[in-house]
Amino acid sequence: MSEWRFDINPVAASRPRVGKWGAYYTGTYKAFREEAAAKVWNVIGNNFQPLSGPLAVSIELYVKRPKTTERGWPKADIDNFAKAVLDTLNGKMWDDDSQIVCLYVTKQWASKGEDGYFIVSANNKDAED
């Protein structure tokens, strides 16, 4: 199983807004998408060939801790965090996220004072059998 660390604070995917010229994203999710698009190739390499076939993927999310929180975990739904990461890597790490047949996701706070990041592991499901 291959593993990649992305030094980008994960955020939950938001719903797109629809305007006169089509759908678009705003706020922190838009900023996340722009930052991630700029950094993905630095992590996986410009010559990376997208993974093919059925994939098992694991995502570990380490979200930047706010200055104050009473929660022991990040508030946003885990599936929205996963969607943001999967959409970011679609067409880059794999051809299409429909290839993912097994997905394991965890979310937690990054250590105090540490910036957020996420780790993605992926392997070909056929290779496991």
Side-chain angles (χ1 to χ4, degrees):
M1 184 172 280
S2 300
E3 182 176 284
W4 299 268
R5 177 182 164 137
F6 297 86
D7 290 322
I8 306 164
N9 187 48
V11 300
S14 63
R15 287 195 167 91
R17 306 284 187 240
V18 180
K20 191 188 307 186
W21 291 282
Y24 61 95
Y25 295 97
T26 62
T28 55
Y29 183 53
K30 179 182 178 184
F32 169 82
R33 288 173 56 105
E34 290 170 357
E35 180 183 6
K39 291 184 176 180
V40 166
W41 296 113
N42 293 336
V43 174
I44 64 175
N46 290 329
N47 296 324
F48 185 86
Q49 293 297 312
L51 302 171
S52 61
L55 301 174
V57 174
S58 173
I59 303 171
E60 298 173 49
L61 302 156
Y62 297 89
V63 181
K64 184 175 176 87
R65 183 184 293 267
K67 290 181 182 178
T68 60
T69 183
E70 294 180 7
R71 288 183 167 263
W73 59 89
K75 183 178 179 179
D77 294 350
I78 198 165
D79 58 320
N80 292 327
F81 276 113
K83 179 170 177 34
V85 171
L86 295 175
D87 287 349
T88 295
L89 300 175
N90 207 30
K92 299 172 182 79
M93 187 170 284
W94 41 74
D95 293 318
D96 188 82
D97 53 15
S98 67
Q99 294 170 245
I100 299 170
V101 297
C102 178
L103 179 63
Y104 181 78
V105 184
T106 62
K107 68 176 180 175
Q108 60 193 304
W109 294 123
S111 298
K112 281 192 175 188
E114 184 178 31
D115 287 335
Y117 62 96
F118 58 93
I119 297 171
V120 175
S121 304
N123 70 311
N124 189 287
K125 192 74 170 132
D126 287 340
E128 287 182 350
D129 299 334

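For the pair Phe81/Thr106, no side-chain contact is recorded, criterion being any heavy-atom separation below 4.5 Å from C-beta on. Side-chain contact between Met93 and Val120 is present, with heavy atoms from C-beta onward closer than 4.5 Å.
When all heavy atoms of Asp95 and Pro50 are compared, the closest pair comes out as OD1-CB, 3.4 Å. Shown here for Asn124 and Gly53, the closest heavy-atom pair between the two residues is ND2-CA, 4.0 Å. Ala12 and Ala84 make their closest contact through C-CB, 4.4 Å (heavy atoms, listed as atom of the first residue, atom of the second, distance).
Linking ILVMFWY residues whenever their side-chain heavy atoms come closer than 4.5 Å, directly or via other members, places Trp41 and Val43 in the same cluster. Following chains of ILVMFWY side-chain contacts shorter than 4.5 Å, one cannot reach Ile119 starting from Phe32, and the two form parts of different hydrophobic clusters.
Judged as a salt bridge (charged side-chain N to carboxylate O under 4.0 Å, His left out), not a single pair has a partner in residues 44-62 (not counting sequence neighbours). Sorted by first and then second residue, the ring-ring contact (aromatic ring centres under 6.0 Å, His included) pairs with a member in residues 87-113 form an empty list; sequence neighbours excluded. Listed by first then second residue, pairs satisfying side chain to side chain donor-acceptor pair (under 3.5 Å) with a partner in residues 43-53 number zero, not counting sequence neighbours.
Within the model, atoms NZ of Lys107 and CG of Asp77 stand 6.5 Å from one another, a figure rounded to the nearest 0.5 Å. For the atom pair CD of Gln108 and CZ of Arg65, the computed distance is 10.0 Å after rounding to the nearest 0.5 Å. In this structure, Glu35 CD and Thr88 OG1 are separated by 10.0 Å, a value rounded to the nearest 0.5 Å. The line from OH of Tyr62 to CG of Asn9 is 13.5 Å long, rounded to the nearest 0.5 Å. Atoms CG and CG, from Leu86 and Leu103 in turn, are 5.5 Å apart once rounded to the nearest 0.5 Å. One distance of note links OG of Ser98 with CG of Asn90; it measures 8.0 Å at 0.5 Å rounding.
With Phe118 as the aromatic partner, Arg5 does not meet the cation-pi criteria of under 6.0 angstrom to the ring centre and within 45 degrees of the ring axis.
Applying the side-chain hydrogen bond (donor to acceptor under 3.5 Å, both in side chains) rule to Lys92 yields no partners; only residues at least two apart in sequence or on another chain are considered. With sequence neighbours left out, the side-chain hydrogen bond (donor to acceptor under 3.5 Å, both in side chains) criterion links Lys64 to Asp115. Not counting sequence neighbours, Gln99 has no partner by the side-chain hydrogen bond (donor to acceptor under 3.5 Å, both in side chains) test.
The one candidate from Leu89, Val57, Leu51 that meets the side chain to side chain contact (heavy atoms under 4.5 Å, CB included) condition with Ile100 is Val57.
The six-membered or imidazole ring of Phe48 lies near that of Trp4, with a centre-to-centre distance under 6.0 Å.
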### Task
Would you check, one step at a time, whether the test side chain to side chain contact (heavy atoms under 4.5 Å, CB included) holds for Ile8 with Tyr117?
CA-CA 5 Å; Ile8 306 164; Tyr117 62 96; over 6 Å; no

